[in-house]
Amino acid sequence: MAATATSERTSAKILLTSLSAMVAESATFPIDLTKTRLQLHGQSLPSSSSSTRPTAATAFHVAADIVRRQGLLGLYQGLSPAIIRHLFYTPIRIVGYENLRNAVDAGNRSLSLLSKALLGGVSGVVAQVVASPADLVKVRMQADGHMVSRGLQPRYSGPLDAFRKIVREEGVSGLWRGAVPNAQRAFLVNMGELACYDHAKRFVIQNRIAEDNIFAHTLASIMSGLSATALSCPADVVKTRMMNQATNKDGKAMYLSSYDCMVKTVKFEGIKALWKGFFPTWARLGPWQFVFWVSYEKFRTIAGMSSF
């Protein structure tokens, strides 16, 4: 009976995390699209030998350009694979982290921040490896709009077309292109996000700054968003560029590895390029976490579960 109850609780948590993630992703997707386009701005081309650095772009200019060229719906290009990704990614990392935390801590809530960071990172890596194909399709479709703005034809007509073409042209392993920088970013994001949210929330409640309510959840989500963004932004830039690249006619890719991508990015665009999209990344993580955590905590309360 105990095993059945545990299984039911886990199933309920998976359902609630999926629902909360869908709401949060839909609400903040335009910011994510702007961040991706901004990170791809100025990307060195394999056929170009110029060392001239590209002109600067801002998140506002990128978003305005998307609306001008593609209309408001252009801000949601790639939403469907993003939601598919979160149906795998978010439940695995959130429920996985909570189960690991409870197993290690035995309910005493005395884990150190470092221990929570490690558990969050491990949960994030496992979740991201599973969700990597959907993430790849999301990035490719978001980047298609960037190609259209440069007068080029989009590569894919939709998520299913993207899956088919990637498998046909790059093999099944092509769905995991960029999996290494993807996993690196996932480790850093979840190390900052899950551990900081968990720890900050306990701190706010234990020090009576706020009760276990929306105010405490908001404060915790802001702090976790900032730490996750600062840690993950360089890996996010590398991940985006590695996943967006496709092999040319000779079967060669623009970047040979994550390190090669980082070196070329710094060489052509400077060290600050590794934090390209910092503001839209944080501007998305903040609202995303606010919507997700407030929704998730509320859903848990309605379902008769304890707080995260």
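Here the structure is a predicted model, which means the values were calculated and not measured. Positions are given from 1 along the sequence.
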Using a cut-off of 6.0 Å, state whether more than 12 heavy atoms not belonging to [X] lie near its atom [atom1].
X      : atom1 : answer
Phe279 : CZ    : no
Leu73  : CG    : no
Phe29  : CZ    : yes

Practice problem: Show which residues join Ile31 in its hydrophobic cluster (side-chain heavy-atom contacts under 4.5 Å, direct or indirect), or state none. | Solution: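 Taking Ile, Leu, Val, Met, Phe, Trp and Tyr as members, Ile31 stands alone, with no cluster partners.
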Quiz item: When clusters are formed from ILVMFWY side-chain contacts under 4.5 Å, directly or step by step, what else is grouped with Phe203?
Solution: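 Besides Phe203, the hydrophobic cluster comprises Val204, Ile209, Phe215, Leu219, Met223, listed by chain and residue number.
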Quiz item: Out of curiosity, Ser227 OG to Leu231 CG, how far, rounded to the nearest 0.5 Å?
Solution: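 If I round to the nearest 0.5 Å, the distance is 6.5 Å.
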May I ask you to decide whether [X] forms a salt bridge with [Y], counting only side-chain N to carboxylate O separations under 4.0 Å?
X      : Y      : result
Arg93  : Glu193 : yes
Glu269 : Arg241 : yes
Lys116 : Glu98  : no

Flag for [Y]-[X]: side-chain donor and acceptor within less than 3.5 Å:
X      : Y      : result
Ser224 : Ser221 : no
Tyr97  : Asn102 : no
Asp212 : Ser307 : yes

Is there a side-chain contact between [X] and [Y] (heavy atoms, below 4.5 Å)?
X      : Y      : result
Val95  : Asn99  : yes
Leu111 : Arg101 : yes
Ser306 : Arg300 : yes
Lys165 : Arg140 : no
Gln128 : Phe187 : no

Exercise. Find out if a path of hydrophobic residues (ILVMFWY) with successive side-chain heavy-atom gaps under 4.5 Å connects Tyr89 to Val130.
Key: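 Per the 4.5 Å side-chain linkage, Tyr89 and Val130 are not co-clustered.
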Practice problem: Identify the heavy atoms of Arg155 and Asp161 that sit nearest to each other, and give their distance. | Solution: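 Answer, listing the atom of Arg155 first, then Asp161: O-OD2, 4.0 Å.
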Exercise. Measure across Asn190 and Gly120 and return the closest heavy-atom pair with its distance rounded to 0.1 Å.
Key: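 For Asn190 versus Gly120, the nearest heavy atoms are CB-O, 3.1 Å.
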Practice problem: List in chain and number order the residues that pass ring pair (Phe, Tyr, Trp, His ring centres under 6.0 Å) with Trp288, two or more places apart in sequence or in another chain; answer none if no residue qualifies. | Solution: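 Only His86, Phe292 meet the ring pair (Phe, Tyr, Trp, His ring centres under 6.0 Å) criterion with Trp288.
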Quiz prompt | Qualifying residues under salt bridge (charged side-chain N to carboxylate O under 4.0 Å, His left out), relative to Arg208, sequence neighbours excluded | solution =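 None.
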Self-check item: Under the side-chain contact (heavy atoms from CB on, under 4.5 Å) test, residues paired with Ala183 that sit two or more places apart
Solution: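 If we apply the side-chain contact (heavy atoms from CB on, under 4.5 Å) test to Ala183, skipping adjacent residues, the hits are Val125.
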Quiz item: Tell me the salt bridge (charged side-chain N to carboxylate O under 4.0 Å, His left out) pairs involving residues 216-230, sequence neighbours left out?
Solution: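 For residues 216-230: none.
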Practice problem: Describe, in one word, how the ring planes of Phe308 and Tyr197 are oriented to each other, choosing from parallel (under 30°), tilted (30 to 60°) and perpendicular (over 60°). | Solution: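 Correct class here is tilted.
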